[in-house]
Amino acid sequence: MASRSTKGGAASVGQLRVLVCGRPDYAARLDEWLAESAHVEEVDSVEEALRRLRKESFDLVVSRASDFIPLQGCYSSGQAAAIIDSVSQGVCIVRNTGEFDWANPTMLAFPEDVREMVKQFCTQTSSWAQAQAIAGSKQIRGRRFSFTTERNDKFEVTATPVVDLQNRITQVAAVVWDVTNTYRLQEQLDAIDRAGRELLSLDVEQVSRLEPQERLALIEQKILRCTQELLHFENFQIRILDKSTNQLEPVLSAGVSPDRMPPTLLAEPGGQGICGFVASRGISYICPNVAEDPRFVGGIEGAQSSLTVPLTLHDEVVGVANFESTKLGAFTDDDRQFAEIFGRYIALGLHILDLLVSERQTAAGKLGSNVLAEITGPVNDILTDVDSLIDNGEDDPALRKKLEEISRNARRIRESINELTSPRPGLVGACHALGQRHDPSLFGRRILLADDEEIIRETVRDVLAGYGCEVHVACDGGMAITLIEKHAYDLVLSDIKMPIKSGYEVFAAAKAMDPKTPVILTTGFGYDPNHSIIRARREGLAAVLFKPFKVDQLLGEVRSALQCAAPRAK
């Protein structure tokens, strides 16, 4: 190659770079024209020009007209080859004999068994295409094929016959995709969908026989198994959004220490951890490094990364699921997608078991109103007919007694339905238990009642006072602990979920003042944040009442707890 410069050296800053191909006669004149503004270099052949163009950048290429088209074609072919070499799919041309004519680097990098399968499929496609051509087919289309290797890797192939001018099949061009990740992703999605269906396939008859806490344990076991076996997440916590307080309160967890997590978080974007942010925005959040994220509030020792997804029901956020790992960057975007899908099933499962307390109460009220509307008329008709018969003075004493019993039962039915529709979510049958009753085991006993729902405090207080109990009431956990520090109680009856201090903290305060003081905890529909019941039972909890409980249940547990405890010193 000969090369020269109008300046006799390297190009100066701002000069054009010109490549002259083939030593044309006007090269000398180019030197004159471009002496001040260009740096000219000459090459002997088109091949040399292409080599230089692949490695260097020029502003202008000058050649004879006869060399221009080959130069342009070779340059375009080089660009096309570079593009094909860089694509992520395998691309190849296979002879009719089953050998590669050409293959790009991706194709050559596939394992040998994959390359052999592609060659076999191209050979079969060639034979099929030749048969089509002999049969007179004017348009021979490509064929698609998929296969799985012994390593369970999956590939898809599109093979297109190459037809020459004589309508002969000379080669087959093939494009090969590695779709292993796509297939595995779909398999994972299918598995999560099956797990979600299993989560929701609750045997109604079986569930109806379970206590609320047992129902919660059942769904917790299913969530735990699916989370660990399908998502491969070992540590998680599920929080439900209480719409009345905007608090995210824990209901289920695995591998997360209750002492390390705040008992409540608000569904707000700032200052309430990642859970509060996710609940307020309704979007998922991957934290690859907790040390660099100011929103992170830890739940497991040595946490390095986390994934938090909203639990949605009818496009409304009802809670969050938080997953944590001791590894940095443990969660991917695929994990996020899987967790979001499973989170919808979790929300449905919790809803089915009536763990969303406010919705349970609303549904119960509607049901009671509907029943009352349906039976009020028939019950009133029964009472009218029975009273008419009694007033007519039936001579048969046995018949008269039977009619009076029917009248009492009908009135009792009407009163019960009225009570179901009244706002008394905690106690069933209270209207029949109010009034003065005599029970030596209850008379004069001092009982602390702590509950943040006024209707429950008033109803339970009136029932116990009717049996001669001295009842002190507290509307939150902080007030309850203050009263415990001032007075000695024969029994403490406390709700688990309360503002300021939880029921477990009330339990612990009572036991700290006097280990012999019996404590009964109450909860709505199996709700047990931080596993308070499990912890308290290990530490001497007398009993648990699940709302709504009957008066007989309340009195039975109170009597049993008081009988096991020594009387309070007067």
Side-chain angles (χ1 to χ4, degrees), residues 242 244-250 258-266 357 424-427 442-524 527-547 549 554-555 557-558 561-562 564-570:
D242 185 337
S244 63
T245 63
N246 202 36
Q247 291 181 339
L248 290 165
E249 296 162 331
D259 298 331
R260 294 181 59 88
M261 292 290 286
T264 57
L265 291 170
L266 297 177
V357 179
R424 295 178 180 270
L427 200 58
L442 300 178
F443 186 80
R445 295 300 187 100
R446 182 183 294 166
I447 297 176
L448 172 61
L449 169 63
D451 201 297
D452 61 331
E453 295 187 57
E454 183 179 2
I455 187 65
I456 296 179
R457 290 197 307 273
E458 292 178 354
T459 307
V460 175
R461 179 197 61 197
D462 292 346
V463 169
L464 295 176
Y467 284 84
C469 297
E470 178 187 346
V471 183
H472 295 183
V473 296
C475 61
D476 58 58
M479 183 185 296
I481 292 176
T482 299
L483 291 172
I484 288 171
E485 292 171 347
K486 292 182 178 179
H487 306 282
Y489 291 101
D490 294 304
L491 174 69
V492 174
L493 182 66
S494 174
D495 187 32
I496 289 178
K497 173 196 165 191
M498 287 190 297
I500 304 178
K501 298 290 184 180
S502 67
Y504 176 79
E505 290 173 295
V506 173
F507 164 83
K511 290 297 183 181
M513 292 299 295
D514 183 356
K516 296 181 181 179
T517 302
V519 179
I520 296 175
L521 292 179
T522 65
T523 182
Y527 184 89
D528 183 17
N530 296 321
H531 297 282
S532 300
I533 293 172
I534 295 174
R535 290 191 292 169
R537 274 177 171 161
R538 290 197 297 259
E539 299 166 16
L541 180 66
V544 179
L545 285 171
F546 297 100
K547 301 175 186 177
F549 47 81
L554 169 67
L555 295 175
E557 295 294 358
V558 168
L562 290 173
C564 296
R568 168 179 50 85
K570 303 296 184 181

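Computed from heavy atoms alone, side chains included, the values below leave out hydrogens, waters and symmetry copies. Computed from a prediction, not measured in an experiment: that's the story for all the values here.
The side-chain contact (heavy atoms from CB on, under 4.5 Å) test with Leu491 singles out one residue from Leu442, Leu562, Leu449, and that residue is Leu562. The only member of Ile520, Leu521, Thr523, Asp495 that meets side-chain contact (heavy atoms from CB on, under 4.5 Å) when paired with Leu545 is Ile520.
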Evaluation steps, side chain to side chain contact (heavy atoms under 4.5 Å, CB included), between Ile484 and Leu448: CA-CA 8 Å; Ile484 288 171; Leu448 172 61; 3.5 Å; yes
Chi angles and distances behind the side chain to side chain contact (heavy atoms under 4.5 Å, CB included) call for Val519, Val506: CA-CA 9 Å; Val519 179; Val506 173; 5.9 Å; no
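When side chains are defined from C-beta on, Leu554 counts as touching Leu493, because their heavy atoms get closer than 4.5 Å. His472 has its side chain within reach of His487: a pair of non-hydrogen atoms, C-beta onward, lies under 4.5 Å apart. Between Val544 and Thr522 there is no side-chain heavy-atom pair separated by less than 4.5 Å.
When all heavy atoms are compared, the tightest approach of Pro499 to Asp476 is O-CB, 3.6 Å. Considering all non-hydrogen atoms of both residues, Val473 and Leu483 come closest at O-CD1, 3.7 Å. The two residues Asp490 and Gly444 come nearest to each other via the heavy atoms OD2-O, 4.4 Å.
Without hydrogens or angle criteria, Arg457 side chain to Asp451 main chain gives a donor-acceptor distance under 3.5 Å. Judged by distance alone, with hydrogens and angles left aside, the side-chain atoms of Ser502 form no donor-acceptor pair with the main-chain N or O of Met498 at under 3.5 Å. Although no hydrogens or angles enter the test, the distance criterion places a donor-acceptor pair under 3.5 Å between the side chain of Thr517 and the main chain of Asp514. Of the possible donor and acceptor atoms, one in the side chain of Arg446 sits under 3.5 Å from a partner among the backbone N and O of Ala488.
The CD1 atom of Ile447 sits 12.0 Å away from the OH atom of Tyr467 when rounded to the nearest 0.5 Å. Summarising the geometry, atom OG1 belonging to Thr459 is positioned 10.5 Å from atom CD belonging to Glu453; distances are rounded to the nearest 0.5 Å. To the nearest 0.5 Å, atoms CG (Asp452) and OG (Ser494) are separated by 9.5 Å. Taken to the nearest 0.5 Å, the CE atom of Met479 stands 7.5 Å off from the CD1 atom of Ile500. With values rounded to the nearest 0.5 angstrom, Arg461 atom CZ is found 9.0 Å from Glu454 atom CD. Note that NZ of Lys501 and OG1 of Thr482 are 10.0 Å apart. Values are rounded to the nearest 0.5 Å.
Using modelled atom types, one finds a donor on one side chain and an acceptor on the other under 3.5 Å when comparing Tyr504 with Glu539.
With sequence neighbours excluded, no residue forms a salt bridge (Lys or Arg N to Asp or Glu O under 4.0 Å) with Lys511. With sequence neighbours left out, the side-chain contact (heavy atoms from CB on, under 4.5 Å) criterion links Thr245 to Asp242, Gln247. When the salt bridge (Lys or Arg N to Asp or Glu O under 4.0 Å) test is applied to Glu557, no partner is found at least two apart in sequence or on another chain.
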